[in-house]
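Take a look at the structure below.
Remember, it's a predicted structure, so these values are computed and weren't measured experimentally. Throughout, residue positions are numbered sequentially from 1 according to the sequence presented.
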Amino acid sequence: MTISVFVQYLIIGACVLLAGFYMLGRYAPKLLAVPRAWLAKQLAQRGHARAAALMQPAGKSGGGCHSGGDDACGSCGSCGTASSDRKSNEQPLIFHRKH
């Protein structure tokens, strides 16, 4: 095995590893919350406060429209049924047959 092949394997392995962490963070964020908190604590103890702040797991947000979870939808009151005091600009479609 030459050194160039070894470097290629290292680069490919790093890409696959980062893609796996991204996938876990995107689809299973609770699995990464404990390791991220531990890493943030270690960085903060070593004087890297800015990096530690970036690594802190995000807390549960207050939510908004389409921010995730069923409990977040409708919490702002802006989506859902239209209020009755607003006039609708909607008009029905009428299809006519050609003769």
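Qualifying side chain to side chain contact (heavy atoms under 4.5 Å, CB included) partners for V5, counting only residues two or more places apart in sequence or in other chains: M1, T2, Y9. For Q8, there are no side chain to side chain contact (heavy atoms under 4.5 Å, CB included) partners at least two apart in sequence or on another chain.
Within the 4.5 Å cutoff, side-chain heavy atoms of F95 are placed close to those of L93.
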Name the atoms and distances for all side-chain donor-acceptor pairs under 3.5 Å in residues 26-34, with sequence neighbours left out.
none

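We find the CZ-CD distance between R46 and Q42 to be 5.0 Å, quoted to the nearest 0.5 Å.
Smallest separation of non-hydrogen atoms from M55 and R36: O-NE, 3.3 Å. A44 and A52 get closest at one heavy-atom pair: N-CB, 3.7 Å.
Residue E90 qualifies as open at atom CD: its count of foreign heavy atoms under 6.0 Å is 12 or below.
Under the 4.5 Å side-chain contact rule for hydrophobic residues, L17 and L24 share a cluster.
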